[in-house]
Each structure stands twice: as C-alpha cells, then as structure tokens.
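One structure is given below, encoded as structure tokens.
Reckoned from all heavy atoms, side chains included, excluding hydrogens, waters and symmetry mates.
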Amino acid sequence: MQATGTLTVRVYTSQARIPIPGATVAVTAPGQGGRMRLVSIQATDSSGAIRTVRMDTPEAAESTAPQPAEGAAPFALCDVWAEHPGYALMRMEGVQVFPGVETIQDVEMLPLAQGESSFQHRDVREIPPQNL
C-alpha cells in the first residue's frame, strides 16, 4: 500500500539566500526500465519556491526496522533539477521523501561568468541516504 509525502523546493543564490524567481525546476523519479519519470516541472515564484509536489512513498510502517524487507527503503527517491539563465544548472540526486512528511529541498545556484553557459558549468550534488 502506498502513502504520500510532499516535496517543496526553494531556489536561491548566495549565502544571503536571495530568491531566484522564474527558475525552472524539474522533479524526476526512477521509472520502469531504468528510465526517469517526470513528476513535476514548474517555474519558481517571486520567493524562489515552487508549489508543493505530492509523491507516492512507502508506508511509514516500513521504516520501523533497521533492515527493511527486500532492501526496500522507507522513503521515495527523486532528483531535483534547477535551471535559470545566468546560473549554473543544479542537479540534486537522491532527495528523500518520507511518508506524511514535508521535505524541503533548498537549491543554491551559482552565477555563471559572463559568456559562460550552463552546459559548460553544471553542479551535481548527491544526497546520501538517511541512516535510520
């Protein structure tokens, strides 16, 4: 049986957390045959946030043992991509969404040098699994 968790993404630049409005944010999840499935694609609002994304997750009861049955994780995994002209493409891999919990993923984007393209400069950050 499936449960539901939520994901909120906030996109900003600098340590001052200046929001980046109009950034394109894509949320993908593992699909069949090793392909990625598009869950959501949105533009950030004036505060650098997207609308909450609902995701199917395993039941909370599956997270009560240190070693879940058949190696199943007690959370759903997704990747978050953020892109905006003038900033390096950012990809967050392995974002964990738990049942009944709002996951907030902050994405800090780095400005590009003049004349540089996001295809030339990308940033990928992998999030390690939670040690339950």
Side-chain angles (χ1 to χ4, degrees):
M1 191 167 183
Q2 294 287 313
T4 302
T6 58
L7 172 68
T8 300
V9 178
R10 295 185 203 146
V11 180
Y12 64 91
T13 189
S14 91
Q15 291 182 346
R17 295 185 177 249
I18 300 167
I20 301 177
T24 301
V25 176
V27 178
T28 61
Q32 295 180 345
R35 299 185 68 161
M36 296 303 286
R37 177 177 56 88
L38 180 63
V39 176
S40 173
I41 188 164
Q42 300 180 45
T44 56
D45 61 18
S46 61
S47 65
I50 64 169
R51 292 182 315 276
T52 300
V53 177
R54 298 177 76 66
M55 294 187 63
D56 290 336
T57 63
E59 287 289 336
E62 293 182 29
S63 65
T64 59
Q67 297 296 324
E70 301 176 22
F75 46 78
L77 287 175
C78 66
D79 292 351
V80 174
W81 301 66
E83 179 273 331
H84 190 278
Y87 293 89
L89 175 73
M90 174 60 78
R91 179 177 173 192
M92 310 294 284
E93 295 180 338
V95 176
Q96 300 146 33
V97 180
F98 290 85
V101 175
E102 179 186 17
T103 299
I104 299 172
Q105 182 61 58
D106 290 329
V107 178
E108 181 180 5
M109 296 185 74
L110 302 174
L112 294 171
Q114 186 172 0
E116 194 174 27
S117 160
S118 65
F119 293 112
Q120 296 168 316
H121 184 82
R122 299 177 186 196
D123 199 356
V124 178
R125 301 211 178 131
E126 186 174 338
I127 300 171
Q130 298 288 326
N131 185 6
L132 303 175

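Legend: residues meeting side chain to side chain contact (heavy atoms under 4.5 Å, CB included) with Thr28, ordered by chain and number and at least two apart, are Met36, Leu38, Asp79, Trp81. Asp56 meets the side chain to side chain donor-acceptor pair (under 3.5 Å) test with no other residue; sequence neighbours excluded. The side chain to side chain contact (heavy atoms under 4.5 Å, CB included) test applied to Leu77 returns Phe75, Gln96, not counting sequence neighbours. For Ser14, the side chain to side chain contact (heavy atoms under 4.5 Å, CB included) test picks out Ala16, Ile18, with sequence neighbours left out. Under the rule for a salt bridge (Lys or Arg N to Asp or Glu O under 4.0 Å), Glu102 has no partner lying at least two apart in sequence or in another chain. For the side chain to side chain contact (heavy atoms under 4.5 Å, CB included) test, residues two or more places apart in sequence or in another chain that qualify with Ser40 are Val27, Gln42, Val53. Not a single side chain to side chain donor-acceptor pair (under 3.5 Å) links Thr24 to another residue, sequence neighbours left out.
The shortest distance between side-chain heavy atoms of Met109 and Ile20 falls below 4.5 Å. The side-chain heavy atoms of Gln105 and Met92, taken from C-beta on, include a pair separated by under 4.5 Å.
Under a hydrophobic clustering in which Ile, Leu, Val, Met, Phe, Trp and Tyr are joined whenever their side-chain heavy atoms come within less than 4.5 Å, directly or via other members, Met90 and Ile127 fall into the same cluster.
The shortest heavy-atom contact between Ser46 and Pro21 is CA-CB, 3.8 Å. Closest approach of Ala29 to Met55, counting heavy atoms only: CB-CE, 4.4 Å. Residue Gly48 comes nearest to Pro19 through the heavy atom pair N-CB, 3.7 Å, listed as atom of the first residue, atom of the second, then distance. Taking every heavy atom of both residues into account, Thr13 and Tyr87 meet most closely at OG1-CE2, 3.6 Å. Nearest heavy atoms, Ala76 versus Pro58: N-CD, 3.9 Å.
Expressed to the nearest 0.5 Å, how far CD1 of Ile104 lies from CG of Leu7 amounts to 9.5 Å.
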Quiz prompt | Working for side-chain contact (heavy atoms from CB on, under 4.5 Å), residues Ile41 and Val25 | solution = CA-CA 6 Å; Ile41 188 164; Val25 176; over 6 Å; no

Exercise. Determine, stepwise, if the pair Cys78 / Val39 fulfils side-chain contact (heavy atoms from CB on, under 4.5 Å).
Key: CA-CA 9 Å; Cys78 66; Val39 176; 5.7 Å; no

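In summary, of the residues considered (Val80, Val9, Val107), a side chain to side chain contact (heavy atoms under 4.5 Å, CB included) with Val95 occurs for Val80 alone.
Checking side-chain atoms of Thr6 against main-chain N and O of Thr52 turns up no donor-acceptor pair under 3.5 Å.
Evaluation of the salt bridge (Lys or Arg N to Asp or Glu O under 4.0 Å) test over residues 17-42, restricted to residues two or more places apart or in two chains, returns Arg17-Asp106.
Within the hydrophobic cluster formed by Ile, Leu, Val, Met, Phe, Trp and Tyr side chains joined at under 4.5 Å, directly or through other members, Tyr12 stands alone, with no partner residue.
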